[in-house]
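Here's the structure we're looking at; comments come further down.
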Amino acid sequence: MDCLDAERALNESFDGALAPQEARWLAAHLGQCAACQAREQQMRAILGAEAQRPLEDPGPDFTALVMRRLRTKSRPAPFWKPATALAILGALLLGVNQLCLNGLRFESLLEVLEYTAAIIAAATGEIWQGLNDLSDAAGEAASQSSQWLLAPQASLLLLAGTLAALIILLAAARFAMAKCAGHKGE
Amino acid sequence: MDFKNGGIPGENVNGPSVANSSDELLTQAVLQGSPEIFEELVRRHQAAVFSHLLRLARNRDDALELAQDTYLKAFKHLDQYDPNQPFAAWLLAIATNTAFNHLNAKRLRKTFPLALDPCGRAAAQEAESPLLQASRKELLQRLEASLEHLSLKARTVFILRYQHGFTCEEISRMLNESLSNVKILLMRARERLREELAIQ
């Protein structure tokens with residue numbers, strides 16, 4: 001084995017892939033070649049130091065921090081958000097139905113829808129725009145209050161809306177109660 | 001997978017059965033509905049993961065953030081873990097990719113000049129190098145400084161092989177590199193480090 005063979009064998013040795021026969025040849029070469037022996041010793045010193053390098057600790061709170069982040073990520077959205085959204089939707093539907101049935105009069109289904117959209121717009125943040133629309137719709141409806149010409153389809157819609165609103169409110173209440181019970185149990 | 005159930009009934013995350021279980025068994029337990037068991041896996045490997053990331057990112061805050069991200073990714077993709085492979089290798093592969101992405105984003109990757117030297121060096125000069133007389137601590141410091149001159153990938157391969165003790169085959173799978181490329185990176189890294197440390 002010459003120095004080039006020894007270098008290749010050394011590399012295989014440091015890769016952890018040196019065959020036993022080659023290991024013997026390498027040992028024999030190192031025994032008689034000072035250059036390769038020095039090279040091998042330097043390399044072993046470096047790799048030995050690296051192997052014994054102590055691991056750094058991330059700190060005592062690291063595990064708890066990771067688990068907290070995992071819990072936060074895997075937790076569903078706060079229960080009150082869907083429950084509140086459902087409750088608002090149900091209340092809006094109920095309110096619209098009540099207004100339609102008791103106070104305001106509409107000429108057509110389109111007017112009912114416009115009125116509902118105005119209320120929803122007001123409730124979802126477009127307050128000024130929504131209030132203006134609401135005011136316009138109410139004023140227009142009031143000016144035509146002598147006519148109660150609600151189409152049969154609109155009546156059915158109002159009835160269905162009332163039922164839907166009640167179901168939604170009930171579902172929101174049950175959802176919130178179930179979540180409250182779940183949180184207490186944790 | 002979520003934490004609603006809080007683990008197997010009667011199973012204490014810090015109990016002896018969990019502490020004595022292999023990584024592979026713990027991953028199965030997590031996948032079967034005991035996410036709290038993951039805590040033991042975090043605890044077992046956090047030093048290796050953090051050390052690895054610290055050496056790649058060279059910034060403690062970044063390493064801490066990357067280590068947390070590593071565990072979040074590992075938890076999310078735990079169903080993709082192959083129990084026939086060491087869990088530590090899978091975890092460090094995630095850590096490495098996370099660090100690569102982070103460092104790429106920060107454009108900190110460096111080029112790696114080739115410095116392979118044939119075996120024709122003056123023997124006497126090398127034999128008298130102060131390297132062998134250096135204390136281990138000093139050697140480690142110098143080694144760390146020299147490692148910074150390597151490319152990110154070469155540094156990663158070197159650390160995985162010699163600090164963490166993974167085989168070249170494992171590193172090849174972890175980094176999705178060919179085995180021959182891993183060996184070439186390792187050989188270049190060794191030579192470069194030996195040269196730098198010998199002449200300092």
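Here is the naming used below: chain letters follow the sequence lines, and residue numbers restart at 1 for every chain.
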### Message
Counting C-beta onward and ignoring hydrogens, is there a side-chain heavy-atom pair between B:H164 and A:L55 closer than 4.5 Å?
### Response
yes
### Query
Is it true that B:E65 and A:R69 make a salt bridge, defined as a side-chain N closer than 4.0 Å to a carboxylate O?
yes
### Query
Is chain A contacted by the side chain of B:L72, its backbone, both, or neither, given a heavy-atom distance below 4.5 Å?
both
### Check against side-chain contact (heavy atoms from CB on, under 4.5 Å), A:F62 and B:L64
CA-CA 8 Å; A:F62 181 79; B:L64 270 174; 3.9 Å; yes
### Query
side-chain contact (heavy atoms from CB on, under 4.5 Å) between A:V66 and B:Q46: does it pass, once the steps are laid out?
CA-CA 10 Å; A:V66 170; B:Q46 64 184 29; over 6 Å; no
### Query
Can you check side-chain hydrogen bond (donor to acceptor under 3.5 Å, both in side chains) on B:Q163 and A:R53, steps first, answer last?
CA-CA 7 Å; B:Q163 186 182 20; A:R53 183 188 293 275; 5.0 Å; no
### Query
Given A:L47 and B:F158, is the side-chain contact (heavy atoms from CB on, under 4.5 Å) satisfied, shown in steps?
CA-CA 9 Å; A:L47 303 184; B:F158 185 86; 3.7 Å; yes
### Message
So which residue, B:R55, B:E144, B:K183, ends up with the most heavy-atom pairs under 4.5 Å with chain A?
### Response
B:R55
### Query
With side chains defined as the heavy atoms from C-beta onward, is the minimum distance between B:L186 and A:F14 less than 4.5 Å?
no
### Path from B:I159 to B:L103 over hydrophobic side-chain contacts below 4.5 Å
yes
### Query
Among the clusters formed by ILVMFWY side chains lying less than 4.5 Å apart, do B:Y162 and B:L179 turn up in the same one?
no
#### Entry: Any side-chain heavy-atom pair of B:E36 and A:R71 under 4.5 Å
yes
### Query
Out of curiosity, A:E12 CD to B:M187 CE, how far, rounded to the nearest 0.5 Å?
11.0 Å
### Query
Mind checking whether A:E50 and B:L193 have side chains closer than 4.5 Å, heavy atoms only?
no
#### Entry: Backbone N/O of B:V42 and side chain of A:T63: donor-acceptor pair under 3.5 Å
no
### Query
Closest approach of A:A49 and B:L140, non-hydrogen atoms and distance?
O-CD2, 3.3 Å
#### Entry: Connected via hydrophobic side-chain network under 4.5 Å: B:Y71 and B:L78
yes
### Gap between atom CZ of B:R161 and atom CG of A:D15 - 0.5 Å precision
6.5 Å
### Task
With a 4.5 angstrom heavy-atom cut-off, could you sort out which part of B:R190 is near chain A: side chain, backbone, both or neither?
both
### Message
So for A:Q52, is it side chain, backbone, both, or neither that comes closer than 4.5 Å to the heavy atoms of chain B?
### Response
side chain
### Task
Evaluate the side-chain contact (heavy atoms from CB on, under 4.5 Å) criterion for residues B:E195 and A:Q42: first the C-alpha distance (whole Å), next the side-chain angles of each, then the deciding distance (0.1 Å), finally the verdict.
CA-CA 10 Å; B:E195 284 175 6; A:Q42 286 179 345; over 6 Å; no
### Query
Should B:I37 and A:L65 be counted in the same cluster of Ile, Leu, Val, Met, Phe, Trp and Tyr side chains packed under 4.5 Å apart?
no
### Query
Looking only at heavy atoms, which two atoms of B:A47 and A:P58 are closest? And how far apart?
CA-CD, 4.2 Å
### Task
I would like to know whether A:E40 and B:R194 meet salt bridge (Lys or Arg N to Asp or Glu O under 4.0 Å); could you show each step before the answer?
CA-CA 10 Å; A:E40 190 258 356; B:R194 192 181 64 81; over 6 Å; no
### Summary
Turns out that what part of A:A17 lies under 4.5 Å from chain B's heavy atoms comes down to side chain
